[in-house]
Amino acid sequence: MIATRRTKAGCLLTLVIGFSLGVGFVFGVLAMKAYEKKKENPAFWKESAMKRLEKLHPTDAQRQLFEAHTDKAVSELSDLRKGALLTVWQIVGRTLTQIEKDLTPEQKETFKKLRPKAPPEVIKP
């Protein structure tokens, strides 16, 4: 069967659209991951809060006060986040230790590879 030019063009157009959708999806996922990672940074928190407060059209004196309040809040939130992470990983570590006690020697070898690693900010120097 001989394909007509119209059929070939339709198939090619469908292929291009499918490829474009795939590339757009991948770039969207990567952009979202980058944005999520950025949101974990306390400097981003301050910047975001200050942008919202700028909508009030503050004076220079107010802007300095807002910045001081925002710095204090970001510091408290950072400390709270660190404390929460530490608590979570203490619970995870305790649970993993209890699980490891019930394993056979062969399972312990495999478990060492599967065991989750705490993020660097949780590990005490």
Side-chain angles (χ1 to χ4, degrees):
M1 181 167 106
I2 299 175
T4 65
R5 286 185 182 185
R6 183 176 283 173
T7 305
K8 288 180 185 179
C11 288
L12 184 60
L13 190 57
T14 302
L15 183 65
V16 168
I17 291 171
F19 179 75
S20 297
L21 287 172
V23 169
F25 178 77
V26 169
F27 281 141
V29 168
L30 293 175
M32 184 56 85
K33 283 185 181 181
Y35 181 72
E36 289 296 323
K37 186 170 182 117
K38 183 179 177 183
K39 282 182 17 180
E40 294 176 8
N41 185 356
F44 178 78
W45 301 344
K46 179 183 175 184
E47 180 183 328
S48 178
M50 291 305 292
K51 278 184 184 177
R52 285 192 168 262
L53 291 172
E54 279 299 317
K55 293 178 182 177
L56 299 173
H57 307 291
T59 64
D60 288 337
Q62 287 176 321
R63 192 172 288 118
Q64 289 175 352
L65 289 173
F66 292 167
E67 192 163 349
H69 294 312
T70 305
D71 285 339
K72 182 180 177 191
V74 167
S75 175
E76 289 176 21
L77 289 170
S78 294
D79 293 343
L80 182 65
R81 182 175 180 267
K82 287 177 187 174
L85 275 174
L86 185 61
T87 302
V88 166
W89 280 98
Q90 286 173 347
I91 293 169
V92 169
R94 194 171 52 239
T95 303
L96 293 174
T97 303
Q98 291 171 349
I99 289 173
E100 196 169 15
K101 290 178 183 177
D102 298 330
L103 299 176
T104 65
E106 298 85 28
Q107 290 173 326
K108 286 182 182 182
E109 291 299 318
T110 306
F111 187 67
K112 285 181 185 177
K113 297 174 188 172
L114 299 175
R115 188 179 180 112
K117 305 290 188 262
E121 59 262 14
V122 174
I123 300 172
K124 294 179 183 176

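- Hydrophobic cluster membership is shared by L21 and L13, with clusters built from Ile, Leu, Val, Met, Phe, Trp and Tyr side chains linked at under 4.5 angstrom.
- The closest donor-acceptor contact from the side chain of S78 to the backbone of V74 lies under 3.5 Å.
- Rounded to the nearest 0.5 angstrom, K46 NZ and K51 NZ are separated by 13.5 Å.
- The structure places CG of D60 at 11.0 Å from CG of L65, a figure rounded to the nearest 0.5 Å.
- Hydrophobic cluster membership is shared by W89 and I99, with clusters built from Ile, Leu, Val, Met, Phe, Trp and Tyr side chains linked at under 4.5 angstrom.
- Atom CG of residue D71 and atom CZ of residue F66 lie 13.5 Å apart, to the nearest 0.5 angstrom.
- By the rule that hydrophobic residues join a cluster once side-chain heavy atoms approach within less than 4.5 Å of another member, L77 and L85 end up as members of separate clusters.
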Show your reasoning for whether salt bridge (charged side-chain N to carboxylate O under 4.0 Å, His left out) applies to E54 and R63. CA-CA 8 Å; E54 279 299 317; R63 192 172 288 118; 2.7 Å; yes
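- Electrostatic pairing of E100 and K112 does not count as a salt bridge here, judged by no charged N lying under 4.0 Å from a carboxylate O.
- Here the straight-line distance linking atom CD of Q62 with atom NE2 of H57 works out to 12.0 Å at 0.5 Å rounding.
- Heavy-atom neighbours of K72 NZ from other residues, nucleotides or ligands within 6.0 Å: at or below the threshold of 12.
- Considering only heavy atoms from C-beta on, V23 comes within 4.5 Å of F27 through its side chain.
- A distance-only check finds no donor-acceptor pair linking the side chain of S48 to the backbone of F44 [under 3.5 Å].
- Other residues, nucleotides and ligands contribute only 12 or fewer heavy atoms inside 6.0 Å of the NZ atom of K82.
- Proximity of K39 to E36: side-chain heavy atoms (C-beta onward) are separated by under 4.5 Å at one or more points.
- The shortest non-hydrogen separation linking W45 to E40 is CZ2-O, 3.9 Å.
- Between M50 and L53, some side-chain heavy-atom pair lies under the 4.5 Å cut-off.
- More than 12 heavy atoms of other shown residues, nucleotides or ligands fall within 6.0 angstrom of atom CZ in R115.
- Taking OG1 of T7 as the start and CG of L12 as the end, the distance is 12.5 Å to the nearest 0.5 Å.
- For the pair P116/L96, a side-chain contact is recorded, criterion being any heavy-atom separation below 4.5 Å from C-beta on.
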